[in-house]
Each structure stands twice: as C-alpha cells, then as structure tokens.
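Have a look at the structure below, then the notes.
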Amino acid sequence: MIPAEEIMNNKYNEIYDEELRGLERRRARDPALTVDMLQETLKALYNIEDNNWEGRGSLQDQVISAEIAAYETFIHNWKKETSDKPSTVK
C-alpha cells in the first residue's frame with residue numbers, strides 16, 4: 001500500500017507538471033496572452049484557495065496548491081526572460 005503522503009506528493013507533482021505544460025502551450029499558441037492575464041488567473045486561484053468554506057479536502061488542496069505554484073513559476077520565468085533580453089533601442 002502506498003502511504004498517503006506519497007500519494008499527495010505524486011498528485012502535486014503531476015498537476016504542477018501538467019499545468020506548466022499547459023501554460024507553455026498556451027503561450028506558444030496565443031500571441032495575445034500577457035503576464036497580466038496570467039496574474040489575474042493567479043489571483044482567482046488564490047481566492048479559490050482561501051475560500052474553502054465547503055471543506056474540499058486535502059487532495060483538492062494539493063491540486064490547487066500545485067496550480068498556484070505552476071502559475072507563480074511560469075509568471076516568474078516569463079518576467080525574468082523578458083527582463084534578461086537586451087534592449088534593441090539605441
């Protein structure tokens with residue numbers, strides 16, 4: 001039998017990886033996508049995380065935490081990529 005903690009960690013990693021891949025595909029396919037748009041989605045995820053009035057359970061908490069972490073990572077990396085690019089204006 002697999003310990004519950006291992007199941008939770010596996011689920012977190014699975015969701016995190018899936019979310020990052022989805023964000024990468026979305027960015028590649030949607031030229032209108034902006035960091036600001038993703039930050040709005042991240043704010044909504046924070047609200048979902050905070051509004052646990054139904055008692056969603058520990059597994060769903062892991063899912064939301066993984067989604068938030070993926071968005072935070074993706075936004076951070078996108079901003080870093082943008083700030084690392086040399087300016088073309090002389």
[X]: which residues meet the salt bridge (Lys or Arg N to Asp or Glu O under 4.0 Å) condition with it, sequence neighbours left out?
X: E81; value: R27
X: E49; value: none
X: D61; value: R56
X: E24; value: none

Report all side-chain donor-acceptor pairs from residues 69-80 shorter than 3.5 Å, counting only partners two or more places apart or in another chain.
unit_1	atom_1	unit_2	atom_2	d
E72	OE2	Y46	OH	2.4
T73	OG1	Y16	OH	3.0
T73	OG1	A69	O	2.9
N77	ND2	T73	O	3.4
K80	NZ	D84	OD2	3.1

Identify, with sequence neighbours excluded, every residue that meets side chain to side chain contact (heavy atoms under 4.5 Å, CB included) alongside R25.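 If we apply the side chain to side chain contact (heavy atoms under 4.5 Å, CB included) test to R25, skipping adjacent residues, the hits are R21, R29.
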Under the side chain to side chain contact (heavy atoms under 4.5 Å, CB included) test, residues paired with N47 that sit two or more places apart: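 N47 satisfies side chain to side chain contact (heavy atoms under 4.5 Å, CB included) with N51 only.
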Counting C-beta onward and ignoring hydrogens, is there a side-chain heavy-atom pair between N9 and E6 closer than 4.5 Å?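 They are not in side-chain contact.
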Do the side chains of V35 and L23 join up, straight or via other hydrophobic residues, at under 4.5 Å, putting them in one cluster?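 Result: yes, single cluster for both.
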Between L20 and I68, is there shared hydrophobic-cluster membership here, with clusters defined by ILVMFWY side-chain heavy atoms closer than 4.5 Å?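 They do share one cluster, since a chain of ILVMFWY contacts under 4.5 Å joins L20 to I68.
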Applying side chain to side chain donor-acceptor pair (under 3.5 Å), name anything that partners K11, two or more places apart in sequence or on another chain.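 None.
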Compare every heavy atom of I64 with every heavy atom of L45, then report the nearest pair and how far apart it is.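 Closest approach of L45 to I64: O-CG2, 4.1 Å.
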Please confirm whether the backbone N or O of E67 pairs with a side-chain atom of E19, one donor and one acceptor, at under 3.5 Å?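 No; zero donor-acceptor contacts below 3.5 Å.
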In Å and rounded to the nearest 0.5 Å, what is the CD to CD1 distance from Q60 to I15?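 These two atoms lie 8.5 Å from each other.
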Strictly by salt bridge (charged side-chain N to carboxylate O under 4.0 Å, His left out), give each pair with a member in residues 33-45 just once, sequence neighbours left out.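 Qualifying pairs: E40-K43.
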